[in-house]
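Within every chain, numbering begins at 1; the chains are lettered A, B, ... in the order of the sequence lines, protein sequences first and strands thereafter.
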Amino acid sequence: MRRRYATVFLMPELPEVETVVRGLRLVLPGRGIVAVRLGKTDFIDDPAALGEVLPGKRIVRIERIGKFIHLALAPAAAPALEPPVKSATRSAAEESDGNSESGINLMVHLGMTGRLSVREASEPAAPHTHGFFELDDGRELRYTDVRRFGRILLVPEPMMAAFRGQLGADALRISVADFRRQLAKRRARIKALLLDQRVFRGLGNIYADESLWQARIHPARLAAGLSGAELAGLRQAIGQVLRAAIRHRGSSISNFVDAEGNAGSYQQRHRAYGREGLPCFRCGTLIRRAIVAGRSSFFCPRCQRAPRAKRARSGKVRWPGARRKISARRNNRPPKNSRAGNKVTA
DNA sequence: CTCGATCCCTGGACGC
DNA sequence: TGCGTCCAGGGATCGA
């Protein structure tokens with residue numbers, strides 16, 4: 001029997017984060033934060049600072065920076081949504097959008113299992129809820145994260161440029177020229193670069209595979225080996241895949257915030273990810289899975305031609321070093337009789 | 001600098 | 001049924 005990947009966590013990549021952001025925008029701007037309560041804090045950069053800094057702040061706007069959710073905060077006393085009176089020392093633009101020096105930014109990365117939701121304060125908290133941001137309307141912005149692979153940090157406004165600078169351009173906004181510049185001479189596997197948020201930000205494992213399938217590029221190919229046409233096609237595929245995914249979530253925006261976040265059915269649109277052993281939508285060849293850049297990668301072996309080689313007999317291939325055994329990846333565990341190999345082969 | 005491997009964490013799937 | 005093991009993944013970190 002084929003190994004199944006039925007458990008579908010919502011894995012927040014660019015489209016999911018964008019959807020969350022759009023949902024939060026409906027309810028959060030203008031709200032003040034009254035108090036902060038925290039559960040486990042090992043995923044928070046400076047837990048104490050949250051309680052010290054956030055109360056008394058007002059949420060000015062919500063943006064997406066790659067996979068980060070960016071809540072811009074300003075002192076609650078500052079003018080709210082209308083343009084402020086002109087000040088001698090600060091421009092109106094600075095104050096109106098919270099960009100003044102006193103501004104602070106709450107950055108939330110959902111990791112794999114993170115959720116942000118707005119609930120009535122009286123409502124029981126979902127398990128693994130570790131962040132409660134009490135609002136001035138009797139509700140709470142809550143952060144829930146089973147695995148705590150997420151991250152929460154505060155970035156003072158003067159540091160925001162540096163914060164943004166650590167990340168690459170947004171996957172939806174990067175120019176074709178920049179896209180090529182970032183990838184054309186890199187010797188890493190294209191899949192690894194698509195996942196590297198410093199190259200450009202927003203893609204995760206799922207949409208990287210989907211984009212590569214769409215562009216008919218094997219995940220293990222070296223970026224430097226891609227032709228100009230292939231790079232252009234890949235850039236286009238990324239845009240198409242991401243925009244389609246965002247559109248697909250459109251109808252569930254309003255209840256995304258307070259729902260469990262699985263209302264979307266984007267997984268029904270997958271053409272490669274999670275489809276090992278199922279026929280390719282283009283050519284009918286069975287989709288395969290390999291470990292590339294340490295991540296499961298799904299591809300059509302016919303549409304996406306492998307870089308020089310190595311069909312694995314076990315059915316699983318690993319680049320580089322395809323000869324090495326896949327087992328014992330962690331903790332020096334002794335390789336057990338390769339169960340994975342047995343299972344994967346049809 | 002560049003790139004790959006490892007580790008973090010948990011619940012669910014699966015083997016026995 | 002129950003217990004143990006494996007696995008998923010974003011990103012920080014380390015080492016080659």
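Protein atom CG of A:Leu193 is 9 Å distant from nucleotide atom C1' of B:dC3, rounded to whole Å. In this structure, A:Phe43 atom CZ and C:dG10 atom P are separated by 18 Å, rounded to whole Å. Following rounding to the nearest Å, A:Met107 (CE) and C:dA12 (C1') show an atom-to-atom distance of 17 Å. The separation between A:Leu195 atom CG and C:dG9 atom P is 10 Å, rounded to whole Å. Here C:dG9 presents its C1' atom at 12 Å from CG of A:Asp145, a figure rounded to the nearest Å. Here C:dA8 presents its C1' atom at 10 Å from CZ of A:Arg289, a figure rounded to the nearest Å. Whole-Å rounding puts the A:Asp209 CG to C:dG9 C1' distance at 12 Å. Computed from coordinates, the A:Leu183 CG to B:dC3 C1' distance equals 15 Å when rounded to whole Å.
By the 4.0 Å N-to-carboxylate-O rule, A:Glu123 lies too far from A:Arg139 to be salt-bridged with it. A salt bridge is absent between A:Glu230 and A:Arg235: the closest approach of a Lys/Arg side-chain nitrogen to an acidic carboxylate oxygen does not fall below 4.0 angstrom. Salt bridge present: A:Glu18 and A:Arg64 bring a charged side-chain N and a carboxylate O closer than 4.0 Å.
Using modelled atom types and a 3.5 Å distance limit, the side chains of A:Arg289 and A:Ser296 yield a donor-acceptor pair. For the 3.5 Å distance criterion, the side chains of A:Gln214 and A:Tyr207 fail to qualify, holding no donor opposite an acceptor.
A close approach under 4.0 Å does occur between a side-chain nitrogen or oxygen of A:His128 and OP1 or OP2 of B:dG11. Checking the phosphate oxygens (OP1, OP2) of C:dG10, no side-chain nitrogen or oxygen of A:Gln197 falls inside 4.0 Å. Phosphate proximity of B:dG4 to A:Arg189: present, with a side-chain N or O under 4.0 Å from OP1 or OP2. An OP1 or OP2 oxygen of B:dT10 is reached within less than 4.0 angstrom by a side-chain nitrogen or oxygen of A:Lys40. The phosphate of C:dG9 has OP1 or OP2 within less than 4.0 Å of a side-chain N or O from A:Tyr273. Look at A:Arg148 and you won't find any side-chain N or O under 4.0 angstrom from OP1 or OP2 of C:dG11.
Closest approach to the A:Arg151 side chain among B:dC8, B:dT10, C:dA12 is made by C:dA12 (side chain taken as heavy atoms from C-beta onward). Comparing C:dA8, B:dC3, C:dG9 by their nearest atom to the side chain of A:Arg295 picks out C:dG9. In the set B:dT10, C:dA8, B:dC3, the nucleotide with an atom closest to the side chain of A:Arg186 is B:dC3.
Between A:Phe149 and C:dG11, no base-stacking contact is recorded for ring centres under 5.5 Å apart and planes less than 30° from parallel.
Heavy-atom distances to DNA chain C give each of A:Arg198 and A:Glu13 a nearest nucleotide, and the one nearer the 5′ end belongs to A:Glu13.
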